[in-house]
2 protein chains.
Amino acid sequence: MYSLLNMCSIDATDDRTALARIRDAAVVRFGEVGFSETTVRDIAAAAGVSAGLVLHHFGSKAGLREACDDYVVAEFARSRIEAVESGEIDPFAAMASVQAEQHLMRYFLQSLRESSPAASRLFAASFEETLRLMELSVEQGVIRPSDNLHDVTAVLLAWQFGGMLLQEHVARVMGVGTDVAEMMPRYARASLEVLTHGVFADTRYEDAWREFAASGAPPPTEEDPA
Amino acid sequence: MYSLLNMCSIDATDDRTALARIRDAAVVRFGEVGFSETTVRDIAAAAGVSAGLVLHHFGSKAGLREACDDYVVAEFARSRIEAVESGEIDPFAAMASVQAEQHLMRYFLQSLRESSPAASRLFAASFEETLRLMELSVEQGVIRPSDNLHDVTAVLLAWQFGGMLLQEHVARVMGVGTDVAEMMPRYARASLEVLTHGVFADTRYEDAWREFAASGAPPPTEEDPA
DNA sequence: ACCTCGGCTGAACAGGTGTATAGTCTACTG
DNA sequence: CAGTAGACTATACACCTGTTCAGCCGAGGT
């Protein structure tokens, strides 16, 4: 019904609908520089259409964002479903496949920066899936059992995405470039070390906290002495 | 200490100079909603002056940002020096004192979101100090020795700040409010558990990675299976 | 007294923003 | 073939942005 020829200037071989081109361009721009730094005219130019058409299809810039949110959420869900159907269990491979679609991940990370509604949806969805993965890994003896697996998973997820958000700063203090190939070996080794052995030499801090929590007093300190 | 945000009508007892009021208001606004979402007129109104005066004192909005950056960096440094001079060693207390000046921390976190130049400076400074603290803690037997303490510190710092950045999302999946009093017990318990015992049941992932790194092949996966 | 200088203001300017509107063209339908 | 619907464009509009500018005012020096 709405299949039109696309005459426009972007690429003669681009057979995507103008609407799809707008949406894709918006996902890229929003992911790269953020929502408020992106102009409707930018997106229109990148999609090879006029600014008016963007509003014609999506109503407003906010409507375009919502459409992008829905699209990215759906794409993530689709890629996860594919991964599950292919019988993927290995958590390493799981993360690798998430990393695969870079522009989606960029959009997600940018959403986290801006605390957009999509970020909450994606974080929550990622949490549910990770929690299932953690439970499975505990059964398989890969992950140490915990009577607090729910919160532990939430913290680990925050650390993981938080680490991605601060990638640039980690790379700088490590003295390497921000590209994955250069940074990942260092980051992976350090994080694996912490996630395997912890950082504290004994349980004194954990004990101190447990004792404190049991006393019912308002806790006096921040989270961890990293 | 000194009065915080007094929006339109400045308190008659406010003896700060107009320049200081502008700078303080800018730090608050930049920290709350970010640089590009804050207008010069907003800041001027919050400081009780005209928009022209802001530019008169700081040249431009960018100049104001630089001044705020310098101010916040200096304030952080000052508070850290005070902490060191008071003989503070306990990492818990260290983090608590950092948390104390909330508007400075908010400014820093917002800078991290926006990857502003100040964020790099503050992250690097925080890293240097944390690294010294870690070395000291290793000597005291509190932190487990590591032949990779530099990178481990970088990762832990990224996780800590990253966790703060994603505070809202962690709270949501934990089912608690975002305020510190409600969230911190849960967050502290989970992070202490991980930092004390790790999450992996054995060293298989660490071994696999070491083996892989030794082979010299390009690594195939992402950082951790959180 | 006069003068000067810097803090300070109000209005104006130039550019960019999201958005509304009028109109063109093409494809489909009766 | 008329006619309608919708994709699409160009233009204009209203608003907001950072910034500029001419000038006011009070304090301090001579």
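By convention in this document, chain letters (A, B, ...) are assigned in the order of the sequence lines, proteins followed by strands, and residues within each chain are numbered from 1.
Residues passing the ring-ring contact (aromatic ring centres under 6.0 Å, His included) test with A/Phe35, sequence neighbours excluded: A/Phe30. Shown here are the side chain to side chain donor-acceptor pair (under 3.5 Å) partners of B/Arg113, two or more places apart in sequence or in another chain: there are none.
Sequence neighbours left out, the pairs with a member in residues 159-174 of chain A that pass salt bridge (Lys or Arg N to Asp or Glu O under 4.0 Å) are A/Glu168-A/Arg172. Pairs of residues two or more places apart, or lying in two chains, that qualify as salt bridge (Lys or Arg N to Asp or Glu O under 4.0 Å) and include a residue from residues 61-70 of chain A are A/Arg65-A/Glu114, A/Asp70-A/Arg121.
When the C1' atom of D/dA10 is taken as reference, atom CG of A/Leu55 falls 14 Å away, rounded to whole Å. Separating the CD1 atom of A/Ile43 from the P atom of C/dT19 is a distance of 11 Å, rounded to the nearest angstrom. Here D/dG18 presents its C1' atom at 13 Å from CG of B/Asp42, a figure rounded to the nearest Å. Here D/dG18 presents its P atom at 15 Å from CZ of B/Phe58, a figure rounded to the nearest Å.
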Reading 5' to 3' through nucleotides 6-14 of chain C, protein heavy-atom contacts under 4.0 Å coded B for base, S for sugar-phosphate only, - for none: -BBB--B--

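Salt bridge status for B/Asp24 with B/Arg16: present, with a side-chain N to carboxylate O gap under 4.0 Å. Ion pairing of B/Arg78 with B/Glu75 is present here, as a side-chain N (NZ or NE/NH1/NH2) and a carboxylate O approach within less than 4.0 Å. Ionic pairing of B/Arg106 and B/Glu32 is not present here: no N-O contact between side-chain nitrogen and carboxylate oxygen is shorter than 4.0 angstrom.
For the segment residues 22-37 of chain A, the set of residues with a heavy atom within less than 4.0 Å of an atom of DNA chain C is empty.
Looking at every heavy atom in both residues, A/Ile43 comes nearest to A/Ala25 through O-CB, 4.1 Å.
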